[in-house]
There are 2 protein chains.
Amino acid sequence: MSNIRDVAQLAGVSVATVSRALQQPDLVSLKTRTKVLAAVKQVGYKPNLMAVRFRSGKTHHLVVLVPTVANVFFARVISGMQQAAHDKGYSLLLCNTLADEAMEQSYARMVHTSQADGLIQLRAHNPFAQLEMKTGSVLPMVNACEVLDRIACPTVLLDNRAAACAMTEHLLQLGHRRIAMIKGPARSPLTRDRVAGYRDALDAAGVAFDESLLYPGDFTLQSGHQAATELLALANPPTALFCENDEMAIGAIQAVKQHGLKLPQDISVAGFDDISFAAFADPPLTTIAQPAEEFGSTAVNLLIDLLEGRLTKAPKVILPFELIQRASTGPAPAVSG
Amino acid sequence: MSNIRDVAQLAGVSVATVSRALQQPDLVSLKTRTKVLAAVKQVGYKPNLMAVRFRSGKTHHLVVLVPTVANVFFARVISGMQQAAHDKGYSLLLCNTLADEAMEQSYARMVHTSQADGLIQLRAHNPFAQLEMKTGSVLPMVNACEVLDRIACPTVLLDNRAAACAMTEHLLQLGHRRIAMIKGPARSPLTRDRVAGYRDALDAAGVAFDESLLYPGDFTLQSGHQAATELLALANPPTALFCENDEMAIGAIQAVKQHGLKLPQDISVAGFDDISFAAFADPPLTTIAQPAEEFGSTAVNLLIDLLEGRLTKAPKVILPFELIQRASTGPAPAVSG
DNA sequence: TATTTTGATGTAACCGATATCATTTATAGG
DNA sequence: CCTATAAATGATATCGGTTACATCAAAATA
């Protein structure tokens with residue numbers, strides 16, 4: 001591999017001149033510049049970016065902590081991130097945490113050990129908590145999708161409360177009164193907000209909240225299936241299932257059918273995210289569309305702004321949602337519990 | 001940020017001793033070692049890995065070129081890669097190429113500019129072709145899933161021909177004679193192999209090959225839907241649809257239902273990959289299971305072996321498949337065209 | 001013509017670790 | 001007690017760029 005000294009020697013100039021000819025061409029005379037460029041071409045010189053970045057102290061790498069890339073929604077978010085990062089000359093170091101705290105820690109440490117400039121976290125957990133406790137410093141981080149409320153860091157989020165409220169209102173308008181919610185883990189702020197939105201809508205409609213209609217899932221198809229199965233076994237089962245993501249909704253739909261019920265005549269099922277499979281469910285899934293790619297690109301842009309000092313304080317960007325009405329939700333059955 | 005000199009000064013030793021105390025503790029006396037470790041702790045020293053890697057010339061980064069992370073199968077492959085890479089102290093630089101040649105090139109160049117040690121390519125395209133042409137050097141690459149046949153590089157693949165043959169045989173055994181194949185782009189070697197397997201089975205069963213039953217898709221739900229719609233409009237439509245991935249199969253199932261046909265009584269649909277949604281399709285999808293995560297981990301391990309000089313020649317690893325029989329395929333309808 | 005200003009280039013320090021080689025100190029053997 | 005050998009430590013070059021500063025020539029000004 002040729003280096004800058006080879007080029008300098010061949011061109012008969014100093015290494016400084018070569019560097020300048022490539023970085024600030026106006027500082028170099030046309031004559032020398034052409035000589036240098038010819039030499040660069042001849043030896044096939046490519047600057048060693050490891051050296052450049054070591055010198056500059058900036059890696060241009062961003063760590064992304066994703067709970068699971070196998071989740072379709074997150075996959076879209078990552079896609080948006082990658083595009084935005086590439087546009088600004090950054091690359092993504094991907095970590096599929098799989099809820100493994102140690103794995104998350106080990107990637108977070110990359111920001112400490114100068115392997116990455118900053119980090120984007122997609123779940124409600126501060127991976128720097130331990131590190132910052134020890135060092136007292138605050139590391140560059142952006143939070144997206146799932147939101148940490150205790151920390152003042154730039155954030156991209158959906159108005160989950162309003163979105164859950166909108167979907168619940170939709171179901172209430174269809175005449176449903178027993179609306180179950182297949183939610184995420186109890187401790188998640190995202191789930192907490194969505195449950196709050198669900199209750200807002202119930203309260204506004206004067207429908208009593210029933211704790212037994214809340215079922216905690218884990219965002220997988222299987223958990224949606226299991227949740228629906230158990231909810232349908234209740235003495236007074238729900239006529240609508242509002243799921244916190246489309247995977248669980250699709251799982252729930254299968255359980256509903258296995259239970260011998262027809263959708264949407266006997267029961268309605270709604271999802272959240274509008275992943276590509278939602279429109280291909282049978283029946284097609286009513287859901288909340290989120291701008292997944294935009295989550296990713298916004299998060300990346302915020303982080304880069306933060307890193308490059310263009311951020312004075314931590315903004316909270318709220319992205320819009322849209323209720324997508326399809327055939328999985330319909331009027332509540334005439335004889336309702 | 002503290003550096004090795006700070007530690008050395010505080011411990012009252014030379015930087016070389018600090019480095020040794022951390023890298024080869026046996027070369028340092030117990031007394032000095034404890035002194036050094038105390039100093040390390042006191043100043044909160046973390047070696048600057050950018051410096052380490054610049055010095056060593058190894059980045060411990062691997063570029064991964066993925067056609068689309070939004071594809072569930074690829075998401076699983078990436079998950080497997082990330083796990084394996086992490087276990088060996090490497091990180092993944094993810095590039096979602098989205099069929100953008102320029103994007104692919106720009107990431108491939110990272111190997112040239114010392115930003116990454118090697119590359120894993122998931123589609124049948126050599127991103128180094130141009131670079132290697134110019135420089136004459138061969139860059140470390142591993143190919144997985146989609147296979148490049150012209151190049152001698154370590155490869156992880158499925159016996160796609162045998163798998164497609166197995167699925168076709170399954171359909172033939174069910175009595176199907178008009179079996180359509182919703183395949184991938186014509187130029188893809190993967191598709192070529194699978195079509196070959198499909199023909200192997202037809203030939204063995206003495207069923208004539210009908211070109212009009214081959215339909216090129218692009219692995220999306222939409223394209224499966226469209227393909228099925230067009231195939232069902234044929235004068236002599238197929239009784240079975242063999243799709244090259246599960247997304248297209250799920251899209252096809254929707255089209256089949258919209259056409260008023262029942263599955264599997266009127267028509268059978270089979271997929272490929274066994275993504276999580278396959279078991280939740282209605283009816284559950286018969287498909288070929290591939291060890292997606294293992295594809296990822298194997299590819300990463302091969303690349304690391306290659307980088308660390310443990311590979312003499314380019315191995316081809318063939319991973320096993322399994323035909324998963326579910327309810328989307330059944331006996332051919334009695335009155336067949 | 002003498003002097004200042006501008007432009008172009010070279011010299012060398014620097015980023016932070018590692019590793020070679022030299023040097024000092026400790027241990028063993030005679 | 002002295003030397004030979006081993007063990008521990010230090011001084012410093014090095015990786016490949018960038019950049020502050022020095023130098024020098026050419027152009028502009030007095």
Side-chain angles (χ1 to χ4, degrees), chain A residues 1-40 43-61 89 109-117 135, chain B residues 1-40 43-61 89 109-117 135:
Chain A
M1 204 57 162
S2 57
N3 63 23
I4 200 170
R5 271 157 255 271
D6 300 334
V7 176
Q9 190 168 14
L10 183 63
V13 299
S14 71
V15 292
T17 302
V18 175
S19 178
R20 275 188 295 254
L22 298 172
Q23 306 302 325
Q24 301 129 319
D26 346 333
L27 297 184
V28 175
S29 73
L30 180 63
K31 196 175 134 209
T32 336
R33 209 189 314 158
T34 43
K35 235 182 357 185
V36 169
L37 293 179
V40 163
V43 303
Y45 170 70
K46 293 261 177 260
N48 179 327
L49 285 180
M50 239 196 313
V52 173
R53 287 168 178 187
F54 161 54
R55 183 87 221 289
S56 73
K58 305 261 169 253
T59 61
H60 283 238
H61 291 323
R109 223 185 312 275
M110 296 180 85
V111 180
H112 237 84
T113 56
S114 306
Q115 289 184 84
D117 298 338
T135 62
Chain B
M1 205 56 162
S2 56
N3 62 25
I4 200 169
R5 269 158 257 272
D6 300 334
V7 177
Q9 192 167 13
L10 182 63
V13 297
S14 71
V15 291
T17 302
V18 175
S19 178
R20 273 189 296 254
L22 297 172
Q23 306 303 325
Q24 302 129 316
D26 347 331
L27 297 184
V28 176
S29 73
L30 179 63
K31 196 176 132 207
T32 338
R33 209 190 311 159
T34 43
K35 238 184 352 186
V36 169
L37 293 180
V40 163
V43 303
Y45 170 69
K46 293 263 177 254
N48 180 326
L49 285 180
M50 237 195 316
V52 174
R53 287 167 178 188
F54 162 54
R55 181 94 219 292
S56 72
K58 306 261 170 253
T59 62
H60 283 238
H61 290 323
R109 222 185 313 276
M110 296 180 86
V111 180
H112 235 85
T113 56
S114 306
Q115 289 185 84
D117 298 338
T135 63

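Lettering follows sequence order; numbering is per chain, from 1.
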Can you tell me the distance, in whole Å, between the CZ atom of R20(B) and the P atom of dA8(D)?
10 Å
For L30(B) and dA8(D), what is the distance between atoms CG and P respectively, to the nearest whole Å?
10 Å
Any S29(B) side-chain nitrogen or oxygen under 4.0 Å from OP1 or OP2 of dT9(D)
yes
Minimum-distance nucleotide (side-chain atoms of A16(A) versus dT9(C), dA12(C), dA8(D))
dA12(C)
Nearest heavy-atom pair of A39(A) and A11(A): which atoms, and what distance?
CB-CB, 3.8 Å
With a 4.0 Å cutoff (strictly under), does any side-chain N or O of T17(B) reach OP1 or OP2 of dG10(D)?
yes
Per the side-chain contact (heavy atoms from CB on, under 4.5 Å) rule, which among T32(A), L27(A), V36(A) passes with R20(A)?
L27(A)
Taken to the nearest whole Å, CG/L27(A) to P/dA8(C) is 8 Å
Residue whose nearest DNA chain C nucleotide is more 5′ - R5(A) or G12(A):
G12(A)
Side-chain N or O of Y45(A) closer than 4.0 Å to phosphate OP1/OP2 of dG17(D):
yes
Please check the phosphate of dA11(D) (OP1 and OP2 only) for any side-chain N or O of S14(B) closer than 4.0 Å.
no
Looking at the side chain of N48(A), which of dG16(D), dA11(D), dG16(C) is the nearest nucleotide?
dG16(D)
Please pick, from dG16(D), dT9(C), dA8(D), the nucleotide with the shortest atom-to-atom distance to any side-chain atom of A51(A).
dG16(D)
Rounding to a whole Å, what distance do you find between R53(B):CZ and dA19(C):P?
14 Å
Starting from C1' on dA17(C), measure out to CZ on F54(B) and report it in whole angstrom.
10 Å
Whole-Å distance between dG16(C) C1' and Q115(A) CD?
14 Å
May I have the distance from Q9(B) (atom CD) to dG16(C) (atom C1'), rounded to whole angstrom?
15 Å
Please name the pair of heavy atoms, one in D117(B) and one in V111(B), separated by the smallest distance, quoted to 0.1 Å.
O-CG1, 3.9 Å
Please say which of V7(B), L10(B), I4(B) ends up in a side-chain contact (heavy atoms from CB on, under 4.5 Å) with V40(B).
V7(B)
Check every atom of dT11(C), dT18(C), dG17(D) against the side chain of V52(A) and return the nucleotide holding the closest atom.
dG17(D)
Is V13(A) touching bases, backbone alone, or none of the nucleic acid, heavy atoms closer than 4.0 Å?
sugar-phosphate
If you look at every strand shown and take non-hydrogen atoms under 4.0 Å, does D26(B) touch a base, only sugar-phosphate, or nothing?
sugar-phosphate
Separation of M50(A) atom CE from dT18(D) atom P, in whole Å?
14 Å
What closest approach, in Å, do M50(B) and K58(A) show between heavy atoms, and which atom pair accounts for it?
CE-N, 4.3 Å
Between the base of dG16(D) and the side chain of R55(B), is there a donor-acceptor distance below 3.5 Å?
no
